[in-house]
Protein chains: 2
Amino acid sequence: MNTMELLKDKLKETGFKITPQRRAIVEILIKNTDKHLSSEEIYDLVRVDCPEIGLATVYRTMQLLDDVGVISKLNLDDGCIRYEICLDKEDSHNHHHLICKNCSKIIEVKEDLLDSIERQIQETYKFEIMDHDLKFYGLCEDCSK
Amino acid sequence: MNTMELLKDKLKETGFKITPQRRAIVEILIKNTDKHLSSEEIYDLVRVDCPEIGLATVYRTMQLLDDVGVISKLNLDDGCIRYEICLDKEDSHNHHHLICKNCSKIIEVKEDLLDSIERQIQETYKFEIMDHDLKFYGLCEDCSK
DNA sequence: TTCCTTGCAAACTTTTTGCAGCCTT
DNA sequence: AAGGCTGCAAAAAGTTTGCAAGGAA
């Protein structure tokens with residue numbers, strides 16, 4: 001079963017309807033898995049195939065996909081929220097970003113490197129960790145030359 | 001030399017003037033070191049002693065303090081940027097946050113726990129790390145009972 | 001005196017909401 | 001047929017900017 005089918009099932013499970021607009025947005029997200037698009041960028045891309053769509057629908061759909069749990073949000077402090085599709089919840093948790101200060105490229109780190117740190121914090125601060133958000137800023141291989 | 005004196009020197013060094021508004025804002029920041037206030041919250045607190053101040057001045061002063069490098073920004077995805085005064089640059093780098101999903105309390109983690117992870121990433125991804133941002137979400141000691 | 005700084009108001013940006021009509025199920 | 005979904009426009013919410021007057025050095 002492909003990603004779109006999987007997603008359709010997830011939506012149906014939760015009682016939501018599958019509309020051309022939602023399908024178009026999800027298709028854009030799948031085609032741009034590693035791009036971390038903002039709502040405005042998604043809007044521009046979706047309008048190519050679906051010119052009548054409104055920006056509010058993009059925002060509402062992203063909210064919906066977030067509720068269903070198939071996207072993860074990324075805040076790069078550039079004034080907008082960015083999204084990536086992420087069908088596997090484990091993936092989204094064990095997942096960090098390297099952000100190049102020079103070319104703004106974003107590199108995904110798929111391993112989870114925080115296990116031992118989390119245990120340490122759990123112990124020292126008696127804080128029950130449920131999720132984390134880790135970003136590294138610096139220079140990518142190309143830009144550090 | 002106390003914090004305010006230190007700050008005055010830092011400002012003078014860079015050619016900025018010390019005005020009553022700026023002093024009042026810095027005093028509020030010092031009094032609320034661990035509170036992570038937003039611009040609006042700073043504005044409300046400053047107006048108690050300095051009722052004629054404008055919100056724009058608060059924004060401009062935070063921008064200035066950021067340029068001078070004495071505050072660090074914290075984005076909790078609650079729709080505004082939060083600040084904490086942070087005179088020592090090393091402190092600001094080696095500094096993480098635990099955010100309670102129940103009571104919204106923020107706990108500071110002063111140690112830097114990322115050294116070995118940074119070396120690992122540096123090696124694997126050939127990415128030259130300059131800074132990082134690490135947040136843990138979960139339940140604080142009181143709320144996890 | 002110089003020109004940096006301020007308060008005010010208006011502008012901007014990103015996101016949310018209300019509503020009447022449309023469309024998936 | 002029923003109720004969720006959509007586009008549009010207006011509203012929110014946070015932040016930035018222009019400008020003339022005011023104040024620190």
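So that the names make sense, note that chain A is the first sequence line, chain B the second, and so on, each numbered from 1.
Remark on DNA chain D: of its neighbouring residues B:Phe16 and B:Gly79, the 5'-side contact belongs to B:Gly79, judged by nearest-heavy-atom nucleotide. If you find the closest nucleotide of DNA chain D to B:Ile18 and to B:Glu40, the one lying nearer the 5' end belongs to B:Glu40.
B:Asn75 and B:Lys135 get closest at one heavy-atom pair: O-NZ, 2.7 Å.
In this structure, B:Ile53 places its CD1 atom 14 Å from P of D:dG23, rounding to the nearest Å. The nearest whole Å value for the distance from the CE atom in B:Met62 to the P atom in D:dT15 is 11 Å. For the pair A:Tyr43 OH and C:dT16 P, the computed distance is 16 Å after rounding to whole Å. Following rounding to the nearest Å, A:Leu55 (CG) and D:dT6 (P) show an atom-to-atom distance of 13 Å. The distance from atom OH of A:Tyr59 to atom P of D:dA13 is 16 Å, rounded to the nearest whole Å. Rounded to whole Å, atom C1' of D:dG4 lies 4 Å from atom NZ of A:Lys17. What separates CZ of B:Arg22 from C1' of C:dC4 is a distance of 8 Å, to the nearest Å. For the pair B:Asp44 CG and D:dG14 P, the interatomic distance rounds to 11 Å; values are reported in whole Å.
Regarding contacts with the backbone of C:dC23, every side-chain N or O of A:Gln21 stays at 4.0 angstrom or more from both OP1 and OP2. In this structure, B:Thr19 does not reach the D:dG23 phosphate: none of its side-chain N or O atoms is under 4.0 Å from OP1 or OP2.
Enclosure of atom CD in B:Glu52 by more than 12 non-hydrogen atoms of other residues, nucleotides or ligands within 6.0 angstrom is indicated.
With contacts defined as side-chain heavy-atom distances shorter than 4.5 Å, the pair B:Val70/B:Val26 does not qualify. The shortest side-chain heavy-atom distance between A:Leu114 and A:His96 falls under the 4.5 Å cut-off.
Closest contact between the side chain of A:Thr57 and the listed nucleotides C:dT25, D:dT15, D:dG7 involves D:dG7. Checking D:dG7, C:dT14, D:dT15 against every side-chain atom of B:Ile81, the shortest atom distance belongs to D:dT15.
We find the CG-CD1 distance between A:Asp112 and B:Ile117 to be 8.5 Å, quoted to the nearest 0.5 Å.
For D:dG4, the base has no donor-acceptor partner in the side chain of A:Arg60 [N/O atoms by modelled type, under 3.5 angstrom].
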